[in-house]
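Proteins get letters first, then strands, A, B, ... in listed order; numbering begins at 1 in each.
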Amino acid sequence: VSHATHPSSAAALDPAHAHGSGHDHPPFLAHHFESPKQQFEAGKLGMWLFLATEVLLFGGLFCGYSVWRGNHPELFKYGSQFLNTTLGAINTAVLITSSLTMAWAVTLAQQNKQRGMLICLVLTLGGAAGFLVIKYFEYTHKFHEGYFPGLKFYDVPPHSHTFDPAAPLAWQSGTLAPLSASTAPSLADLGLPPGVNTDAPTIAPAAIGPEGLAPEALRAIEHSHDAHQPHPLQDPARPANAHQFFNIYFMMTGLHGVHVLVGGIVILWLIVRGARGHFSSEYFTPVDLGGLYWHVVDLIWIFLFPLFYLI
Amino acid sequence: MSDQPTQHKSPHGVGHVVPPKILFATGGALLVLTVITVLAAKIDFEDMGVPELNIFVALAIAVVKASLVVLFFMHLRWDRPFNSIVLVTSVAFVALFIAFAMTDTFAYREDVRGFAQERLVSGNAEHVKTELDATAQKLGESQQHGDTPAAAGADAHGP
């Protein structure tokens, strides 16, 4: 094999940069790679290393889920009733289908079928958008019902569309029953006046449930909640601290939702570059690596769906 | 990859072309498994005396689905083995984290269970009030004696 010298000085110093066929670099080949194959393999390895950090990122949250659920399985069995399994299953199917069209787009790019690749990428983007729209309706429905992430999600009366930050929270209006031993030692930290713990008359009789609730909020629930599903506050079977289920639900699905958003942006970028004819059977690395990211988004949801909606 | 035996060589020796029919078979299997996992969750194994089985069934199906995605959609079946090592290592460490965290959770499981059942059910107003008074009293005593509040809380809710 005769080695032609590369015109660039860097390559001229390095015999490894020579090309057997004697032609110039393809435009997509960075100068520090010997061949398109080496560039592709290096990019792919880099992507897999990044995906490993994604696994570890979500792994921390899955670890938290395991510990919470191990301690309080009743919260998770109870809380999952309030998630819409049908919408969750539809979203699972949407993500799986978009993963399929993404993988197909890679195959079509490798076969130099650019029009088909673009159609598949647009379908994939549609899947990302569809997932986020369904998730938006799920989230807003939950907010509407009064399920918020946070220390407790009942300080804002359900069905109230305005939140008055000046309104006293339950414990400030004196109706909070401070109840669990785990919170009792930290009542001072919560800003309760000293002595409130030992002064029995200031402690509510807890006739409205252990979380405590401002009377106006309770009235709002009684008058406005539709009857097909018992509001958690009126449900005698509700475990206290049920809001912890929604905390980890919003945290994990929220972080996943951010990934769907980022994945959608990546796919949009691939569509723009694909439409300009940047990809071919010789150079399809961005499509392949963007696809890997999109599949990981699908992978995470494959675990989130049963963990929150089903069991 | 081209240095591995494969029937789907790419025209330029870069990457591996997965035929669409394999992709469609994978996608179909994933959708079928989604239906199966939804149906399986409707069976309450707790009523049948195996309370943890629902979780294991759901997770087992999820692992199968994840494997299909990784092997076929993400090409690991044909990829360089090193990429698989990267993925398996990260998953193995997550499993290690969870397993060790859970040893602690299981060690105190009965305490937590008893604690939860005793007090953390709403609608049990009288019980809560009694507990509340007891906690407040204990807390007051412990403050007088300089004990840690946590110890008082633990005393008040032993089995």
Identify which part of [X] has an atom lying under 4.5 Å from any heavy atom of chain B, answering side chain, backbone, both or neither.
{"X": "A:Asn112", "result": "neither"}
{"X": "A:Tyr65", "result": "neither"}
{"X": "A:Ser99", "result": "both"}

Do [X] and [Y] have side chains that get closer than 4.5 Å, going by heavy atoms?
{"X": "B:Thr105", "Y": "A:Trp68", "answer": "no"}
{"X": "B:Phe73", "Y": "A:Leu292", "answer": "no"}
{"X": "B:Val94", "Y": "A:Phe58", "answer": "no"}
{"X": "A:Leu100", "Y": "B:Thr26", "answer": "no"}
{"X": "B:Lys65", "Y": "A:Leu299", "answer": "no"}

- Is the backbone of B:Val18 close enough, under 3.5 Å, to the side chain of A:Thr107 for a donor and an acceptor to pair up by distance? yes
- Task: Sort out for me which of B:Ile55, B:Thr37, B:Thr89, B:Asn54 touches chain A most, counting heavy-atom pairs under 4.5 Å.
- Result: B:Ile55
- Pair count under 4.5 Å, heavy atoms only, with chain A: among B:Asp104, B:Leu87, B:Asp44, highest is B:Leu87
- Message: Tell me if the CZ atom of A:Phe50 is crowded by more than 12 foreign heavy atoms within 6.0 Å.
- Response: yes
Could you give the distance from [atom1] ([X]) to [atom2] ([Y]), rounded to the nearest 0.5 Å?
{"X": "B:Leu31", "Y": "A:Thr97", "atom1": "CG", "atom2": "OG1", "value": "5.0 Å"}
{"X": "A:Phe305", "Y": "B:Ile61", "atom1": "CZ", "atom2": "CD1", "value": "10.5 Å"}
{"X": "B:Tyr108", "Y": "A:Asn71", "atom1": "OH", "atom2": "CG", "value": "11.5 Å"}
{"X": "A:Leu307", "Y": "B:Leu59", "atom1": "CG", "atom2": "CG", "value": "5.5 Å"}
{"X": "A:Leu95", "Y": "B:Thr34", "atom1": "CG", "atom2": "OG1", "value": "10.0 Å"}

What pair of heavy atoms forms the shortest contact from [X] to [Y], and how long is it?
{"X": "A:Gln110", "Y": "B:His16", "value": "NE2-O, 3.1 Å"}
{"X": "A:Ala52", "Y": "B:Val86", "value": "CB-CG1, 3.8 Å"}
{"X": "B:Met74", "Y": "A:Leu51", "value": "CE-CD1, 3.8 Å"}
{"X": "B:Gly27", "Y": "A:Ile96", "value": "O-CG2, 4.0 Å"}
{"X": "B:Asp79", "Y": "A:Lys44", "value": "OD2-CE, 3.1 Å"}
{"X": "B:Ile98", "Y": "A:Cys63", "value": "CG1-CA, 3.7 Å"}

- Item | Engaged part of B:Val63 at the chain A interface, taking heavy atoms whose separation is under 4.5 Å | both
- Item | Side chain, backbone, both or neither of B:Leu76 within contact of chain A (heavy atoms, under 4.5 Å) | side chain
- Take A:Tyr309 and B:Val38 through the test side-chain contact (heavy atoms from CB on, under 4.5 Å) and record every step on the way to the result. CA-CA 9 Å; A:Tyr309 290 77; B:Val38 170; over 6 Å; no
- Between A:Gln38, A:Glu54, A:Met102, A:Arg69, the one whose heavy-atom pairs under 4.5 Å with chain B are most numerous: A:Arg69
- Message: Tell me which of these, A:Gly59, A:Gly60, A:Ser66, A:Ala109, has more heavy-atom pairs under 4.5 Å with chain B than the rest.
- Response: A:Ser66
- Let me see the working for B:His75 and A:Val106 under side-chain contact (heavy atoms from CB on, under 4.5 Å), right down to the final yes or no. CA-CA 10 Å; B:His75 297 198; A:Val106 173; 4.0 Å; yes
- Message: Show, in sequence, the C-alpha distance, side-chain angles and deciding distance for A:Trp104 and B:Phe24, and conclude whether the ring pair (Phe, Tyr, Trp, His ring centres under 6.0 Å) test is met.
- Response: CA-CA 9 Å; A:Trp104 198 11; B:Phe24 280 108; 4.9 Å; yes
